[in-house]
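Every chain is numbered from 1 and lettered A, B, ... according to where its sequence line falls, protein lines coming before strand lines. Hydrogens, waters and symmetry mates are skipped; everything else that's a heavy atom, side chains included, is used. Since we're looking at a predicted model, the values are computed, not measured.
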Amino acid sequence: MQTIHHTKKALPLALCALFFSYGTSAQTSDERIAQLEQQVQSLQTQVNKPDDNRLRFNGFLSVGYGMASNDGGYAGYNEEGSFNPESLFGLQGAFTLTDKTEVTMQLVGRGNEDWDPSIEWAYISHRFTPAFKMRAGKMRLPLFMYSDSLEVGYAQPWIRPPEEVYGNVPVTSYTGIDGLYDINFDMSTLTFQAFMGESEEDITNLGQTVRLEVNDLFGGSATWTDFIWTLRGNLATSEITIGGDDLKTDFYGLGASYNNGSLQVISEWTRLEIEGPTADTDSGYITLAYTLGSFAPYATYSMQESTDDDERPYTREFIYTAISTPGSPLYGNVAAVALSDVQNSERTTYSVGVRWDATSNVAVKFDVTRATDFGDTGGDLPGNMGPTIAYDDIDVYSIKIDSAF
Amino acid sequence: MRKLLLALSFLAPFTCADVVVITNPSGPDAMDANQVRDLFIGRSKSLPNGQAADPIDLESGQALREEFHTKVTGRSQAQLNAFWSKQVFTGKGQPPRTLSSTGAVKSAVASTPGAIGYIDSSEVDDSVKVVLTP
């Protein structure tokens, strides 16, 4: 009884309090509106001056899972499924120093390197004229059409750039300088790029980790595009060192692509020539992709072939026996494997897949790839580098989420 | 008859939803679709009359944005996103700034020399100049 009485009295009191507090908040509301109007105005000024964004961050993330029909190791995949070979993240920062000068840095952490971030780009660029720009620092080695966006899966139609072309050059970046010159025509642009520099990297070669030095690196490219068609030609030359001698190395590439908004055709052809028994390789691919709403199915045919098999006269059986036989002059000399036909390659690969743009800036890709027609070679599979050829072909099933932000 | 006209006038905003490309009143008198496309893909940086260009896109997910890109850049939204991620991560450029509504685009274009954007033809008034009806 007592409590009910109390409540009856309390209700009008509470209403009163509410009214008064409303009154005072109405007063502050006016001030608040004035404040907000000022904020909107200053925001509007900021929006009208977008150049104030001097520091920009962008990132990309890929998570892939794949498994293969055997332990051949195509694109890093074996019979036991794995997330590591194609999962990675990247973070890029670009700092604008002046209207014409910019510093760019990109960190990439890869699943198969324990996600330890390493610097892929670190360069300063300066635009001398509207048509001419120079850059200095660590940059991507521009050997292919997709070199610049090599690890940005979101920017690519496939689950991975065709291995036959992109997998034969273990060096992906260099330290040096480059110059880019644009010639604008009425409806198209022709860009010339020239670069020079050097590189030093640990790579996996014939199952061993070795130090690869690239010195006296020079190269150039010409790219013409009208936004629908792109044509590109490039070449590069260098002296490479894997352990011992300097080997003169030349690279040639041709590329063409067509994209009318729904149909996309991409093709590249490359030739790699290395002095001595290290394999020279010709390779190429053609991709057709078709956009249907948020789905873009694709099919790729690609091939590679070693072109200097006569420089490796010994069979793998002979060399492996010599290496493991005490008393043989090659006993224990693992590097001698390079003299054998282990490095000979012949391979044709068929891929079908689909890119599904699930939401803005997230694409999910599915892919089935079959590598076959190795002839009497091991098809350049990591799993076929031993004394005998273990696999005649390999199928790889993979799924990947690519995002950019 | 009056009822029919009334019904038509309600329909009009939908049936006449045509995208028009606008610039500041100080902008050029006309542009062709390729000139507009080159500005919106970052390939050219100035208007035909020499003004430094400030292209303004609508935020993604708006029907007029899709209509503009279908007609002018010929790319779907997914392809545009992929294109810009390639440009951004190769240091070649940044996408045009975006605003959330055609009203905001119109007032920004009206107040910024060199600005170029697109709105619905029904929203055009003296504050902006129509340079292209793609």
Most chain A-contacting option - heavy-atom pairs closer than 4.5 Å, from B:Ile56, B:Thr70, B:Val88: B:Val88
Without hydrogens or angle criteria, can the side chains of [X] and [Y] be said to hold a donor-acceptor pair below 3.5 Å?
X: A:Thr191; Y: A:Asp182; value: yes
X: A:Trp158; Y: A:Ser351; value: no
X: A:Thr189; Y: A:Asn184; value: yes

So for [X], is it side chain, backbone, both, or neither that comes closer than 4.5 Å to the heavy atoms of chain B?
X: A:Thr225; result: both
X: A:Asp402; result: neither
X: A:Asp148; result: both
X: A:Phe60; result: both
X: A:Arg140; result: neither
X: A:Ser360; result: both

May I ask you to list the residues in residues 38-47 of chain B that approach chain A closer than 4.5 angstrom, counting heavy atoms only, ordered by number? B:Ile41, B:Arg43
Part of [X] within contact of chain A (heavy atom distance under 4.5 Å):
X: B:Gln77; result: neither
X: B:Asn81; result: both
X: B:Gln94; result: side chain

Any Lys/Arg nitrogen of [X] or [Y] sitting under 4.0 Å from an Asp/Glu carboxylate oxygen of the other?
X: A:Glu102; Y: A:Arg56; answer: yes
X: B:Asp125; Y: B:Lys106; answer: yes
X: A:Glu86; Y: A:Arg160; answer: yes

Aromatic plane relationship, [Y] with [X] - under 30° parallel, 30 to 60° tilted, over 60° perpendicular:
X: A:Phe144; Y: A:Tyr166; value: tilted
X: A:Phe128; Y: A:His126; value: perpendicular
X: A:Phe132; Y: A:Tyr181; value: tilted

In short, side-chain hydrogen bond (donor to acceptor under 3.5 Å, both in side chains) pairs touching residues 83-92 of chain B with sequence neighbours left out are none
is_close_aromatic(B:Phe83, A:Phe227), centroid dist under 6.0 Å: yes
Can you tell which of A:Asn259, A:Asn260, A:Thr104 has the highest number of heavy-atom pairs within less than 4.5 Å of chain B? A:Asn259
